[in-house]
Amino acid sequence: MKASNFFLPIKKEVNEVSISAKLMLKSGMIQKLASGLYSWLPLGYKIISNIENIVSEEFESMGFNRMCIPTLHPAHLWQESERYEAYGKEMLRVNDRKNNEFIYGPSAEEPCVDMVRQANIGKSDLPINLFNIQWKFRDELRPRFGVVRCREFFMCDGYSFHETIESSSEFYDTVFNGYKRIFDRLNLNVFTKEAETGEVGGLKSHEFHVLSEIGEDEIERDGKKHKSLELGHIFLLGDRYTVPMDLKITNSDNKQTPLIMGCYGVGVSRLVAAMVESYYECKDENYSINWPIDFAPFKINIINANAKSLECNQLSGKLYEQYKNISFYDDRNISIGQKFATSDLLGSPIKIIIWPKELKNESVEIRIGNSKEIVKIEQISKFIDNILVK
RNA sequence: CGGGGCGUAGCGCAGUCUGGUAGCGCAUCUGCUUUGGGAGCAGGGGGUCGGAAGUUCGAAUCUUCUCGCCCCGACCA
């Protein structure tokens, strides 16, 4: 991507409490539309999509099938499970033109049960493991910290259907371990804790937390109090939904038995904030982000230090052609200071700076994290490829 | 839901107490000079002060109502 073709509205000043919200707004990742509602601008959308892909891959590798449930659900499904009343004001209720009642889903247990129910399944179809990554809405009392506690958020939610508690419980453990892999891949240092099943209900649940300034729970660690932020929550639901919604199969004794269900959530949009929160750096009041190479919005940032130099333009353009799909090429005719400021917020792990003076020695500067090296032009590909392979 | 606060140009703010029809920084536009960490100079454009009603000769400023937003608490899979 060329800077001149990319909508990246960087702001110098934003008024926000949390660092992640500040940086996400500043760097042009998101924009506030209303309280608790954020638009994802091109940069932010790349990041959330990368994370979505990682989460999706891991869910598939655990044995889930990806599907997609609409954001609007008919109210009657939620009346069947008796959560329509229980959810209270957090649930957004809307009517269509025929005055039928709908809700904007805060979760999707009910429609997912309905999906399986409609399929008229038998014992031999089990287990069934489904997930979707979809926008959810909860009308929070007090949205805060940008996309950390917002009203419309992007959530990955998995649902499992088994014949017995034993097999459901076994799968629960598979997901428990799968979650650890997801957070490992995202370089987030999570810990788990047993939790109340609360509104969702069921037999047991575990939460996945990361220590964070913007956490909303308080926990004790090494005798000290820390704030922690919940990123995931898994539930062994038993027959909490399958009994009231009448989802059952005929077992080998020719008896009708309710399916045993599990549900597994990960806050994808919240993950972005958690990651910004853990990858930012601050030097002399200048904030920068350092994205790990696996999910950086752009792996390579090509910085043309002088867009008026024919030689600089030629080499920059050539490098851009070579790494087009993974790079951001700052081709603008602006001061180098502004390009570095943009670069700091973009957070690419590999930065190639084409300086006129270095170019005279047939070299460019390459920065990886906080280290810099002068690399001969003919060595660039080798140098870069070596880092990309790792 | 209780307490506090804010709403003035795209963004960040001053002006409100003590009424006299708006100002600063950044951004933006034009020109010239610049380009090794958010360039400099000169010139220009953009708001009628969240909305409504009221008081007044006159309201960003005072009064009332209303909408939106934020912070603390409570709440939160």
Side-chain angles (χ1 to χ4, degrees), chain A residues 9-18 21-22 25-28 31-37 83 86-91 105-109 136-146 148-151 153 155-159 193-202 204-209 215-218 228-237 240-241 262-267 270 283-288 303-309 312-313 330 332-346 351 353-360 364-365 367 372 374:
Chain A
I10 283 177
K11 290 181 177 218
K12 277 197 175 175
E13 294 176 287
V14 291
N15 185 3
E16 262 299 331
V17 176
S18 72
K22 196 183 286 183
L25 288 161
K26 213 167 127 60
S27 65
Q31 225 173 47
K32 184 186 287 195
L33 189 61
S35 178
L37 299 178
R83 285 211 292 175
Y87 230 105
K89 287 194 168 178
E90 278 201 5
M91 186 149 83
S107 181
E109 283 77 13
K136 307 284 192 297
F137 191 94
R138 294 177 195 170
D139 202 355
E140 296 285 348
L141 263 175
R142 183 143 92 85
R144 72 188 109 171
F145 304 145
V148 168
R149 178 161 294 277
C150 52
R151 295 194 294 174
F153 57 99
M155 184 167 106
C156 173
D157 42 332
Y159 303 93
K193 66 180 195 187
E194 279 201 66
E196 300 292 323
T197 54
E199 180 102 62
V200 176
K204 69 168 171 177
S205 84
H206 283 90
E207 292 177 348
F208 293 75
H209 286 250
E216 297 177 303
D217 294 343
E218 196 152 74
S228 79
L229 180 65
E230 180 187 338
L231 297 175
H233 199 157
I234 61 176
F235 296 82
L236 185 60
L237 293 171
R240 160 68 183 87
Y241 294 88
C263 73
Y264 317 92
V266 181
R270 181 180 282 189
K283 279 183 198 159
D284 309 321
E285 296 187 9
N286 282 319
Y287 288 94
S288 58
I303 302 169
N304 184 354
N306 189 342
K308 280 189 177 165
S309 148
C312 285
N313 288 347
D330 201 333
R332 296 171 297 175
N333 182 22
I334 55 174
S335 74
I336 187 66
Q338 280 186 71
K339 291 188 181 182
F340 279 125
T342 299
S343 174
D344 287 345
L345 292 169
L346 209 57
K351 294 169 183 170
I353 304 137
I354 295 90
W355 296 112
K357 282 181 193 166
E358 298 299 344
L359 196 52
K360 282 182 184 150
V364 298
E365 178 183 330
R367 296 187 188 175
K372 38 177 109 167
I374 301 300

Interatomic distance, [X] [atom1] vs [N] [atom2] [rounded to whole Å]:
| X | N | atom1 | atom2 | answer |
| --- | --- | --- | --- | --- |
| A:N306 | B:rG36 | CG | P | 9 Å |
| A:K339 | B:rA39 | NZ | P | 12 Å |
| A:K89 | B:rC1 | NZ | C1' | 9 Å |
| A:I10 | B:rC11 | CD1 | C1' | 14 Å |
| A:Q338 | B:rG40 | CD | C1' | 13 Å |
| A:N313 | B:rU35 | CG | C1' | 13 Å |

In whole Å, measure the gap between the [atom1] atoms of [N] and [M] for me.
| N | M | atom1 | answer |
| --- | --- | --- | --- |
| B:rA22 | B:rU56 | P | 23 Å |
| B:rG10 | B:rC71 | P | 23 Å |
| B:rA74 | B:rC67 | P | 27 Å |
| B:rG4 | B:rC62 | C1' | 23 Å |
| B:rU21 | B:rA39 | P | 38 Å |
| B:rC49 | B:rA59 | C1' | 11 Å |
| B:rG50 | B:rG5 | C1' | 16 Å |
| B:rG3 | B:rG58 | C1' | 38 Å |

Shortest non-hydrogen contact between A:F235 and A:S205, atoms and distance: CD2-CB, 3.5 Å
Polar side-chain contact [X]-[N] base: donor and acceptor under 3.5 Å:
| X | N | answer |
| --- | --- | --- |
| A:D344 | B:rG37 | yes |
| A:K372 | B:rG37 | no |
| A:K308 | B:rU34 | yes |

Sugar-phosphate, base or nothing in reach of A:Q31, heavy atoms under 4.0 Å: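 It contacts nothing in the nucleic acid.
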A:N286 and A:D344 side chains, donor-acceptor separation under 3.5 Å: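 Absent: no donor and acceptor within the cut-off.
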A:R144 and A:S18 side chains, donor-acceptor separation under 3.5 Å: no
N/O (side chain, A:S335) to phosphate O (OP1/OP2, B:rA39) under 4.0 Å: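 A:S335 to B:rA39 OP1/OP2: side-chain N or O found under 4.0 Å.
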Pi stacking test for A:F340 and B:rG38: under 5.5 Å apart, planes under 30°: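 No; centroid distance or tilt outside limits.
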Nucleotide-resolved protein contact map, nucleotides 69-76 of chain B, B/S/- at heavy-atom distance under 4.0 Å: SSSB-BBB
For B:rA42, the Watson-Crick or wobble partner whose two distances fall under 3.5 Å: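 Result: B:rU30.
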Gap separating the CZ atom of A:F340 from the CD1 atom of A:I353, nearest 0.5 angstrom: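 Reported to 0.5 Å precision, the distance equals 4.0 Å.
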